[in-house]
Amino acid sequence: GLVLDDGTTARLADERFVMSTTTANAGRVMQQLEYCAQVLWPELDVQMVSVTEQWSQYSIAGPRSRELLQRLFGRGVDLGNEAVPYMGVVELPLCGVPARLFRLSFSGELAYELAVPANYGDAALRALMEAGRPLDVTPYGSEALGVMRIEKGHVGGNELSGQTTAGDLGLGRMMSAKKDYIGRVLAARPGLTDPERPALVGFQPVDPTARLRSGAHFLPLSAPAKAEHDQGYMTSVAYSPTCGSWIGLGLLQRGPQRIGERVRAYDALRGEDTEVEICHPVFVDPEGERLRG
Amino acid sequence: MVEALIQRSALAEQVKPAASEGAAGVRVRELTGLGLASVLVRNGRRAELAAKIAGYGAALPDGPESAADDGLALLGTGPRAWLAVKTGATPLWPEQFRHDLEGLASVADQSSAYTVLHLEGPSVRRLLAKGVMLDLYPRAFAVGAVAGISIAHAGAILWRSGEDHFDLFVARSYAADVWRWLDHSAAEFGLAVGAEANG
């Protein structure tokens, strides 16, 4: 009933899927899959193998990402919105080398991931930078990615703590009401469906120049700083250039029902006490228009 | 559009051909141009898969060993799993292989997943014994033997590919670390590094 990990699964063919996981949990997810195949359902005809080492994969994001890829692959290849729709995947050769193009986005805009065999990873990255030069392409790293995923309310390792459920993280609608799945029964235990469980929301400082701290605990404005008044804690923070202030994600009791309220973000470790406003966890493009263009 | 993509070894920065000082107890070179594919047999199709592989002039070994003709080797890596090793393969060979084995086995391209080091020389067994927790004495690890191992904390497959030589398939992202281990561990025996060569 608790979230183990977060990743994407792509269906390449009727009987072929590729699954991605977080780096830290790759081994554990593989173990879980093997456990299911060997112990729970040994009668199923299914094979699995790690391909982590095989592929170099690059994320290409931004309003001109499709244009860049078109320049890379050449005019003859259709990369339009119908050929490669949001959440689509295609296998196609790039200079005689097998490649996979996934349309998905961790940073929250029009974005793709291009996978090539790792022996060609260096060459592919140089080719991407060359193809993107007229488009002012710039490499971006994990810090920028971290800011963007917080702006989009995408959960990461801080939220996937081993103590949170899909419901806590605002992903309850991904849990099917129609079919069975691993974790369905235990996820229904009263302790995991208690409406008082801290749930994911966004935070902005009331003073827009104030810094936010992950690990800060939430207290009602009027309550003394004691554990009995603890309502949750801040999980991820970043300075958002788009919002012009620090922003945060956190787990707060009945958070989604309290949008607009203010609480204290209390950090005894660093001696900070900041008034924050509860807001929707998606700070940028909440309708997802940029994703689907 | 991009005109061509050139391969680059995981060891490109570190490894340059070099003779040893004095006699070389160990000679190593990286093998390139290999097509690699994991082959996992589907339920109840083993006999058909074996027949299909026989059609290539190779065979499907039953245990942790290899069966090879001069172009294709199958290394037993698990109860129902093999690593196919094809010399002189194009980058699109694994896809073709997968189509050929459609319905009999699940095949995945692993051609970039391993850095392959070919090791030989009078001290090669003593060198490997420093990092591999297996009995590599010839009667314990016969010609053709295959083992999934950990070496210098990295996952690898060790194959005794001939009377006097071994092929070590190291998980690509650990190749640099294993090379450092190799370089240090082989120093006392004298290490000669050959140029990359097609397998």
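Letters go in sequence order (proteins before strands), and every chain restarts at 1.
- Using a 4.5 Å cut-off between heavy atoms, B:Gln110 contacts chain A through both its backbone and its side chain.
- Using a 4.5 Å heavy-atom cutoff, the side chains of B:Pro91 and A:Pro98 are in contact.
- B:Trp93 is linked by a ring-ring contact (aromatic ring centres under 6.0 Å, His included) to B:Phe97, counting only residues two or more places apart in sequence or in another chain.
- Between the CD atom in A:Glu130 and the CD atom in B:Glu3 there is a gap of 11.5 Å [rounded to 0.5 Å].
- When each of B:Ala108, B:Ser38, B:Ala171 is checked for heavy-atom pairs under 4.5 Å with chain A, B:Ala171 comes out on top.
- Using non-hydrogen atoms only and a strict 4.5 Å limit, the part of residues 40-58 of chain A facing chain B consists of A:Glu43, A:Leu44, A:Asp45, A:Gln47, A:Met48, A:Val49, A:Ser50, A:Val51, A:Glu53, A:Gln54.
- When heavy atoms are compared at a cutoff of 4.5 Å, B:Ser173 approaches chain A by way of both its backbone and its side chain.
- Residues B:Val2 and A:Cys95 approach most closely at O-SG, 3.3 Å, considering heavy atoms.
- Only the side chain of B:Arg98 has a heavy atom closer than 4.5 Å to any heavy atom of chain A.
- Residue contact with chain B, scored on non-hydrogen atoms closer than 4.5 Å, involves the side chain of A:Arg16 exclusively.
- Atom CG of A:Asp122 and atom CD of B:Gln7 lie 11.5 Å apart (nearest 0.5 Å).
- Annotation: the span from A:Asn119 atom CG to B:Ile6 atom CD1 amounts to 12.0 Å, rounded to 0.5 Å.
- Note on A:Gly74, A:Gly96, A:Ala118: by heavy-atom pairs under 4.5 Å with chain B, the leading option is A:Ala118.
- Ranked by non-hydrogen atom pairs under 4.5 Å with chain B, the options A:Leu128, A:Val116, A:Leu94 are led by A:Leu94.
- At a threshold of 4.5 Å between non-hydrogen side-chain atoms, the residues B:Arg42 and A:Glu15 count as touching.
- Note that CG of A:Leu72 is 8.5 Å distant from CE of B:Met1, once rounded to the nearest 0.5 Å.
- The number of heavy-atom neighbours closer than 6.0 Å to OH of A:Tyr181, taken from other residues, nucleotides and ligands shown, is above 12.
- Evaluation of the ring-ring contact (aromatic ring centres under 6.0 Å, His included) rule for B:His184 yields no partner, not counting sequence neighbours.
- The number of heavy atoms from other shown groups lying within 6.0 Å of CZ (A:Phe73) is above 12.
- Legend: residues meeting side-chain hydrogen bond (donor to acceptor under 3.5 Å, both in side chains) with B:Arg46, ordered by chain and number and at least two apart, are B:Asp62.
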